[in-house]
Amino acid sequence: MSEAWWRGAAIYQVYLRSFADGNGDGIGDLAGLRTRLPYLAELGVDAIWLNPWYPSPMADGGYDVADYRAIDPAFGTLAEAEAYIAEAHALGIRTIIDIVPNHGSDQQDWFVEALAAGPGSAARGRFIFRPGRGPAGELPPNDWQSIFNGPAWTQVADGEWYLHLFAPEQPDFNWRNPEVVEEFHAILRFWLDRGVDGIRIDSAAVLFKDLDSVEESYTDHDEVHEVYRGWRRITDSYEGRFLVGEMWMPDQERFALYLRPDEMHTAFNFDFLSRPWNADELRASIDLTLATHVPIGAPPTWVLSNHDVTRPVTKYGRPDTSFSHQDRKHGMPTDLVLGERRARAAALLAMALPGGLYVYQGEELGLPEVEDLPDELLQDPIFTRSAGADRGRDGCRVPLPWSGQETPFGFGAGTPWLPQPTDWKNLTAESQQADQNSMLALYRNALKIRRTHLGDGSLTWLDSPPGILTFTRDSGLTSITNLTPNPIDLPPHIELLLTSAPLDNAQLPSDTTAWIR
Ligand code: NOJ
C-alpha cells in the first residue's frame, strides 16, 4: 500500500470496553481484541481505531485520561498494546489511537499538582483556573454551561474555579501555555515511536476559549490551527502516518480549514450521518462534502455510526430519521425491519463514495440501539448531568454478541458491564457467518469489492429521477440507491456486483442499493 493508504481506507472502530473480554471481568480488553483480530482481517478492514485505552477513572468512558503514556489495567499493559500493534500489522491491519487534547482527568498528576500548588502557581497555569464572581467569589467566573449539561465550572477548596467543557472530572487544559503544547508533542512522539499509524484527535475544535464572552465561546477559534500545524509536522516526520480530527461543526467552509495541506490529513464527516434518509438531503450532503474537500486535496470520510450516536438500524427505522445530539429521540418508536433495510442500503452507499470509511463495531452485525437499559446501570455522565432528561450514549456501547444462544454470547467469561438483550442470539457474529443474507455477509462482500473498485478518487453523478442516487466511480462501478417507495429499473449493465436486498423481478426495490458494472 502507498504512503497515503489512509486516503481510501476502511477503518473499524473498536470500543475496547465492549469488543471482547479476554480475562473474564466483564470488560473488553486487549487480550480479547487480540483473539478477534482474525475476524477483523476476514471482515476486510485496513485499520482499527481504538477509543482511549489509557489509565482513567472512566468518568467519561476513558475520555478522562489520567496518564497519556500507559494503558488502563482493565484493558491490559503497555507491553500487550505493543504486541497487539505488531500482531495487527502482521495481518495487514494498521492502528489509530485516540488522543484527547482538550481535557485530562482530575486524577492526572498535573491536576493533582495544580490543586496542591494553589492559586497563581505555574501548575494551575496548565489548566483554566479563575477566581469566582460575587462578593465572596461564590459565583462561577462566567455562566457557561458544559456540553454534558450543568455548569462548566467547578469550585475547589481554596475558592478558585476551573473550567470543564465536559464533566467536572475532565478539567480543560490551557492551550495558551507552551508547556501544554510541548507535552502533547511528546505524547504524539511516544505513540508514533510505538508504531501507531494514525491519531484520532478528540474534540479538536474547542481548545481555545474566550472567557470574557457571555455566550459559550470555544468552538473554532483561529488559534487552534497553529496547534494542528505542529501536530502535522510531527506526524509527517514518520512514514505513512495520519491525523483524523473530530469536529462537530455546522459550517463546512470552516470545517475544511482544518484540512488544509499543513494541518490534519482527514476529519470525520458528521454531516452525512446527521441527515435524514432522504435522497435530496443525502445528495446535498455528498455534494457539500465533496465541494469542501476536493479543492484542498483532502479525502472525505463517510461515517454511519460511532460510540456517540444512535445505531443506524434504530435511527433509520424511526419516523424522523435525522440525528442530533440535542435530541437523541430516545424511545421514539422504530421499525427495526425497515431500519435494517435502510441501514444496509446506506452502508453500500457510504462505501461507494470517494474517500475513507469508518465502521463502528457492531454496525457490521446490524445491532440496534439498546434503549431499555436500567437507570442504575447507565454510565454515561450525560444521563446524570441532565437529571435523566437525556439517557445518553450507553445504548450504542453494549458489549458485542459473538456466539452461542445465551448471554454473554461469547463476549467473555464474566457478566458484561452492560447487559445484552437476550434476542441478540440472532445477531451473533457466529450466526451471521453462516448466513449469506446477513448484515455481516453484506459488509464482508462489500468491503472486498470496495478494496479493488472504490475508496480514494472521484465520482460522476448520472442523471436519475427524483429519489434516486446514481453515480459512477473511476473504476467503472456504478452505485444506485433507490429512496423512492417503488421499484425501479436498473440502468444497462454487464454485471450486478452486489445489492443490499434481493432484486424484485430484476427491478431495484425501495430502500435498496445496487452496485453494477
Ligand atoms: C468526543 C468523544 O467521542 C466523546 O465520547 C467524549 O465524551 C467527548 N469527545 C469528550 O471527550
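We count ligands from 1, going down the list as the structure has it; atoms in each ligand are counted the same way.
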Taking only heavy atoms of the protein into account, state which residues are under 4.0 angstrom from an atom of ligand 1, in chain and number order.
Asp60, Tyr63, His103, Phe148, Phe166, Arg200, Asp202, Ser203, Glu246, His307, Asp308, Arg393, Arg397
Pairs meeting criterion ring pair (Phe, Tyr, Trp, His ring centres under 6.0 Å) with involvement of residues 201-230, two or more places apart:
Trp144-Tyr218, His225-Tyr258, Tyr228-Trp231
Measure from the side-chain N and O atoms of Thr407 to the backbone N and O of Phe409, and report whether any donor-acceptor pair falls under 3.5 Å.
no
Parallel under 30°, tilted from 30 to 60°, perpendicular over 60°: which one fits the rings of Tyr12 and Phe19?
perpendicular
Report the residues that fulfil ring-ring contact (aromatic ring centres under 6.0 Å, His included) with Phe148, sequence neighbours left out, ordered by chain and then residue number.
Phe166
Residues two or more places apart in sequence or in another chain: which of them pass salt bridge (Lys or Arg N to Asp or Glu O under 4.0 Å) with Asp222?
Arg254
May I ask you to decide if the ring planes of Trp53 and Tyr84 are parallel, tilted or perpendicular, using 30° and 60° as cut-offs?
perpendicular
